[in-house]
Amino acid sequence: MKRTKYTLLALLSLVIFSCHRANNIESESTPIPEPQAETQTEIQEEPQIEFPPQVEIEPEEKKEEPPAPQKEPEPQVAPPKKEEPVPPKKTEELKSESVPVKEEKKAEPPAPSPSDDEYTRSVGDVHVDKDTFEADKKEIMGIIEELAAIMGEKQYKKWIGYVDSDSVSYWSKSANLRKASSRLPVRGLQLKSLEDYFKYVFVPARQGRTITEIRYVSETYVKAVDVQGNTDLIYYYFKKINGKWKVYLPPLE
């Protein structure tokens with residue numbers, strides 16, 4: 001290994017020496033040029049450099065900033081006025097105010113009574129004085145209100161107590177019920193008892209109806225009607241039995 005290293009160094013030294021020798025020989029063989037006479041040359045003046053004219057730069061105008069908005073003056077609130085003290089009233093005035101004044105109560109108007117025209121329409125040719133007419137109408141209208149509640153609850157047993165005995169006897173017969181069944185607007189409906197008559201005939205024909213006046217047939221026989229123009233729609237018949245008005249159910253013709 002060391003031997004190889006020495007060999008390489010020797011070769012490298014030999015190459016460097018050969019190159020140096022070759023340079024010396026080349027420099028010896030090249031002729032040295034003779035110095036030439038100096039020639040006078042005209043000295044040319046250096047051209048003057050012209051600088052561009054200076055441009056005057058005008059200073060930029062400062063833009064005027066808009067004036068700051070002025071705040072509107074706040075409205076001045078006037079101070080509250082001091083209430084002036086009210087001078088005390090005279091003793092005479094105070095005395096008059098302290099005494100309570102009694103107001104006279106107005107008499108309430110009496111309940112409206114049937115007009116003379118209604119009285120004339122109701123009694124017709126029947127001899128009934130006005131007081132009796134007013135009392136009969138009031139009692140009959142009260143019975144109709146009670147019947148309206150009974151019909152609303154379909155209370156058959158209570159209803160029987162308002163019907164006269166002749167009507168109960170007539171409409172309890174099966175023959176009369178069969179005849180009534182054939183005249184009903186509902187085909188196939190058969191009335192088999194007075195209770196059926198109450199449910200399917202009496203109640204539907206009268207429930208929700210308005211009764212306004214009565215018409216005397218006699219002193220003990222009255223019709224309760226709803227007046228519509230010149231027409232009287234009959235909804236109830238009443239008979240006076242032992243001083244009390246009872247519902248009457250007319251027989252079939």
Side-chain angles (χ1 to χ4, degrees), residues 104-173 176-177 179-180 183-186 191 193-253:
E104 295 182 358
K105 292 184 179 180
K106 295 182 180 180
E108 295 182 358
S113 59
S115 64
D116 293 337
D117 292 339
E118 182 185 346
Y119 167 69
T120 303
R121 288 193 305 269
S122 298
V123 298
D125 297 333
V126 180
H127 297 288
V128 176
D129 58 42
K130 193 171 184 180
D131 293 338
T132 304
F133 158 69
E134 291 179 356
D136 289 343
K137 183 182 178 183
K138 182 178 180 181
E139 183 180 351
I140 290 170
M141 297 301 287
I143 294 171
I144 292 172
E145 289 183 4
E146 293 173 4
L147 288 172
I150 290 170
M151 289 187 292
E153 297 177 0
K154 303 293 190 297
Q155 294 179 336
Y156 167 72
K157 291 182 179 180
K158 282 188 177 182
W159 173 75
I160 286 290
Y162 288 82
V163 183
D164 74 307
S165 58
D166 291 341
S167 298
V168 172
S169 177
Y170 180 87
W171 287 104
S172 296
K173 296 178 181 180
N176 296 331
L177 292 171
K179 288 181 182 179
R183 299 181 184 183
L184 292 176
V186 180
L191 303 177
S193 64
L194 181 59
E195 186 174 359
D196 289 344
Y197 177 87
F198 167 73
K199 290 180 180 179
Y200 303 115
V201 178
F202 187 88
V203 173
R206 295 162 179 82
Q207 192 171 20
R209 306 298 181 179
T210 302
I211 310 303
T212 55
E213 297 183 8
I214 63 175
R215 297 288 184 264
Y216 282 91
V217 180
S218 68
E219 294 180 5
T220 58
Y221 186 28
V222 172
K223 295 181 289 186
V225 303
D226 178 23
V227 181
Q228 294 187 359
N230 296 325
T231 305
D232 291 346
L233 300 179
I234 304 170
Y235 288 108
Y236 294 93
Y237 294 90
F238 289 91
K239 276 191 174 183
K240 199 170 191 178
I241 300 171
N242 297 326
K244 292 184 179 181
W245 291 102
K246 292 282 189 176
V247 176
Y248 174 67
L249 305 176
L252 296 173
E253 296 179 357

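Just so it is clear, the structure is predicted and the values come from calculations on it, not from any experiment.
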Listed partners of E145 passing side-chain contact (heavy atoms from CB on, under 4.5 Å), at least two apart: none
Residues that K138 engages under side-chain contact (heavy atoms from CB on, under 4.5 Å), provided they are two or more places apart: none
Under-4.0 Å salt bridge between E153 and K158: no
Any donor-acceptor pair under 3.5 Å from S169 side chain to S165 backbone: no
Results of ring pair (Phe, Tyr, Trp, His ring centres under 6.0 Å) for F202 - residues two or more places apart only: W159
Which residues share a side chain to side chain donor-acceptor pair (under 3.5 Å) with D164, sequence neighbours left out: S167
Residue list, side chain to side chain donor-acceptor pair (under 3.5 Å) with E146, at least two apart or on another chain: Y162
Salt bridge (charged side-chain N to carboxylate O under 4.0 Å, His left out): pairs with one or both residues in residues 201-230, sequence neighbours excluded: R121-E213, E213-R215, R215-D232
Side-chain donor-acceptor pairs of residues 239-250 under 3.5 Å, sequence neighbours excluded:
unit_1, atom_1, unit_2, atom_2, d
W245, NE1, D136, OD1, 3.4
K246, NZ, G161, O, 2.8

Expected output: side-chain S172 to main-chain L194 donor-acceptor under 3.5 Å: no
Under the side chain to side chain donor-acceptor pair (under 3.5 Å) test, residues paired with T220 that sit two or more places apart: none
Which residues share a side chain to side chain donor-acceptor pair (under 3.5 Å) with Y221, sequence neighbours left out: none
Test side-chain contact (heavy atoms from CB on, under 4.5 Å) applied to L177 - qualifying residues, sequence neighbours left out: W171, L191, Y197
Within-4.5 Å side-chain heavy-atom neighbours: V225 and I234: yes
E195: partners by salt bridge (charged side-chain N to carboxylate O under 4.0 Å, His left out), with sequence neighbours left out: K199
